[in-house]
Amino acid sequence: MAGITIVGSGRYLPGPPVPNDALARVMDTSDAWIRQRTGIATRHYAPDGVGVSDLAVHAARAALEDAGIDGAQVDYVIFATMTPDYPFPGPGALIAARLGLDQVPALDVRQQCCAIPYALQVADGLVATGAARTVLLVGAEAHAGFMPWTEWRALEDPEVVVSTQARERATRHRGLAVLFGDGAGALVLRPHPKPGHGLIGVRVRSDGHGAHQLYVEAGGFRRRPYLQPWMLEEDLHVPRMEGRELFRAAVTRLPALVRELCAAHDVALEQIDWFIAHQANDRINAAVREALGVPEERVPSNIARYGNTSSATIPILVDELRRDGVLREDQLVCFLALGAGLHWGAALMRL
Ligand code: ACO
């Protein structure tokens with residue numbers, strides 16, 4: 001049987017785009033710094049009270065409509081997020097219920113920015129064993145909940161005054177805060193009808209030695225109780241990130257893994273039509289591209305508009321490329337991503 005392929009996609013971005021200049025009102029940063037170091041120009045934020053299950057419902061409905069199927073045909077939901085509505089349960093069952101998918105199995109995956117290569121491997125395995133035929137894979141993030149400012153009105157209104165103390169606090173986290181944006185993307189996955197098509201191979205890796213390169217301390221169940229006021233005072237709900245270490249890991253590990261995957265499946269890099277890479281930083285993708293000797297036009301980018309939307313990034317980008325007619329049948333695609341954990345992975349798919 002052929003591997004899984006993408007038969008439908010959808011995306012949802014909440015609220016208006018927030019430009020870099022708006023962030024400069026709540027912390028010491030600038031449009032020039034953010035663009036030059038990351039490639040990001042705008043991002044979106046989920047409004048207060050709106051969680052990933054809310055964002056994902058829109059993307060999932062669009063994906064089902066695009067696939068031309070109704071929800072009753074979905075026999076497995078996989079939900080990827082690092083910013084769930086609740087510490088538990090995960091949002092998979094929540095969105096299944098919202099979509100009216102009665103008693104469908106719902107699995108939550110926790111691989112952050114690398115969720116999609118992992119989830120594709122799981123979905124393909126579920127289909128290969130007969131446990132599922134149509135999988136709805138959703139990635140959604142509401143990073144706004146960990147942003148280090150409270151005066152959200154200042155982003156929209158230059159007249160709103162931000163105190164020096166609040167500004168200093170946000171500035172301590174500026175390297176992280178400018179990167180992330182919110183959104184949801186959804187893919188409907190089914191076995192490809194043609195042999196040799198669909199998912200050809202996946203390589204995924206982890207290295208828990210790097211767990212503290214990007215993690216959130218507060219809200220973990222090592223403490224009694226697991227949430228305490230001092231954690232908020234010390235900003236332990238804001239992720240800690242060692243940006244340079246992650247950067248180094250991404251630009252060395254991803255090219256090596258892509259080469260390994262291609263060698264295992266006898267695929268030359270020149271045969272790959274599109275490298276659909278996670279969008280953490282345009283400089284990371286430029287370095288990966290150079291290490292692989294791949295031309296820029298084969299590595300599409302949308303980070304300028306959305307920033308890093310973690311597990312939602314690849315499905316959002318896939319949806320844009322499908323709807324723009326860029327991704328077409330028979331093309332060979334390589335997905336690649338590295339994220340917190342560390343987790344990294346690559347997948348080859350013949351559409
Ligand atoms: N605005 C202005 N100045 C800033 C900002 C900002 N937003 N952030 C940092 N700076 C300053 C620093 O304070 C520092 O100043 P100094 O030289 O006076 O000390 C200077 O800019 C350089 O800071 P670096 O952190 O060294 O900058 P770098 O070029 O490494 O860029 C960045 C930082 C963008 C975070 C980069 O390291 C990166 O993209 N790393 C990878 C991020 C990543 O992959 N994240 C994980 C995604 S995966 C997931 O699972 C979610």
Side-chain angles (χ1 to χ4, degrees), residues 18-43 52 80-84 109-119 139-149 155 167-183 185 204-208 210-216 238-255 277-288 301 303-304 306-314 316-317 335-345:
V18 177
N20 295 336
D21 284 336
L23 300 190
R25 289 186 212 127
V26 290
M27 60 189 162
D28 293 347
T29 189
S30 66
D31 179 54
W33 192 97
I34 301 170
R35 278 180 198 261
Q36 193 197 355
R37 300 287 181 121
T38 71
I40 300 167
T42 60
R43 75 287 290 142
V52 288
T81 189
M82 63 178 212
T83 49
V109 301
R110 298 284 315 264
Q111 272 57 43
Q112 289 68 246
C113 298
C114 186
I116 299 305
Y118 270 85
E141 302 292 351
H143 300 118
F146 66 57
M147 288 301 157
W149 57 81
L155 298 185
R167 194 174 177 87
E168 282 172 2
R169 175 193 164 216
T171 300
R172 283 197 288 276
H173 303 282
R174 63 183 174 176
L176 169 105
V178 299
L179 300 179
F180 291 93
D182 297 343
V204 284
R205 297 275 187 269
S206 80
D207 180 3
H212 294 107
Q213 288 173 15
L214 180 53
Y215 78 113
V216 181
V238 180
R240 295 285 189 269
M241 183 177 83
E242 293 170 15
R244 286 190 172 197
E245 294 307 313
L246 282 169
F247 198 101
R248 250 194 299 275
V251 301
T252 52
R253 290 178 154 169
L254 288 174
H278 176 60
Q279 312 276 303
N281 185 325
D282 243 357
R283 284 161 54 223
I284 291 180
N285 288 350
V288 170
S301 169
I303 193 170
Y306 306 135
N308 180 355
T309 56
S310 298
S311 63
T313 294
I314 288 180
I316 289 174
L317 182 54
F335 299 99
L336 55 150
L338 177 135
L342 303 181
H343 300 282
W344 65 107

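Whatever order the structure lists them in is the order used to number ligands and atoms, beginning at 1.
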Student: State which residues pass salt bridge (charged side-chain N to carboxylate O under 4.0 Å, His left out) with Arg167; sequence neighbours excluded, sorted by chain then number.
Tutor: Asp28

Student: Under the side chain to side chain donor-acceptor pair (under 3.5 Å) test, which residues partner Arg25, sequence neighbours left out?
Tutor: none

Student: Are there any protein N or O atoms under 3.5 Å from the N or O atoms of ligand 1? List them with distances, or say none.
Tutor:
unit_1   : atom_1 : unit_2 : atom_2 : d
ligand 1 : 1 (N)  : Thr29  : OG1    : 2.6
ligand 1 : 3 (N)  : Trp33  : NE1    : 3.4
ligand 1 : 7 (N)  : Thr29  : OG1    : 3.1
ligand 1 : 7 (N)  : Arg174 : O      : 3.4
ligand 1 : 13 (O) : Arg174 : NH2    : 2.9
ligand 1 : 21 (O) : Trp33  : NE1    : 3.2
ligand 1 : 26 (O) : Arg244 : NE     : 2.7
ligand 1 : 26 (O) : Arg244 : NH2    : 2.7
ligand 1 : 27 (O) : Arg37  : NH1    : 3.3
ligand 1 : 29 (O) : Arg37  : NH1    : 2.6
ligand 1 : 37 (O) : Gly243 : O      : 3.4
ligand 1 : 39 (O) : Asn281 : ND2    : 2.6
ligand 1 : 40 (N) : Gly243 : O      : 2.9
ligand 1 : 50 (O) : Cys113 : N      : 3.4
ligand 1 : 50 (O) : Ala340 : N      : 2.6

Student: Does Arg205 qualify as a cation-pi partner of Trp344, given the criterion of NZ or CZ under 6.0 Å from the six-membered ring centre and within 45 degrees of its axis?
Tutor: no

Student: In terms of the angle between their ring planes, are Tyr215 and His212 parallel, tilted or perpendicular, with boundaries placed at 30° and 60°?
Tutor: perpendicular

Student: Who pairs with Ala115 by side-chain contact (heavy atoms from CB on, under 4.5 Å), at least two apart in sequence or on another chain?
Tutor: Ala80, Val109, Gln111, Ser311

Student: Taking the inter-plane angle between the rings of Phe180 and Phe146 on a 0 to 90° scale, is it parallel (under 30°), tilted (30 to 60°) or perpendicular (over 60°)?
Tutor: perpendicular

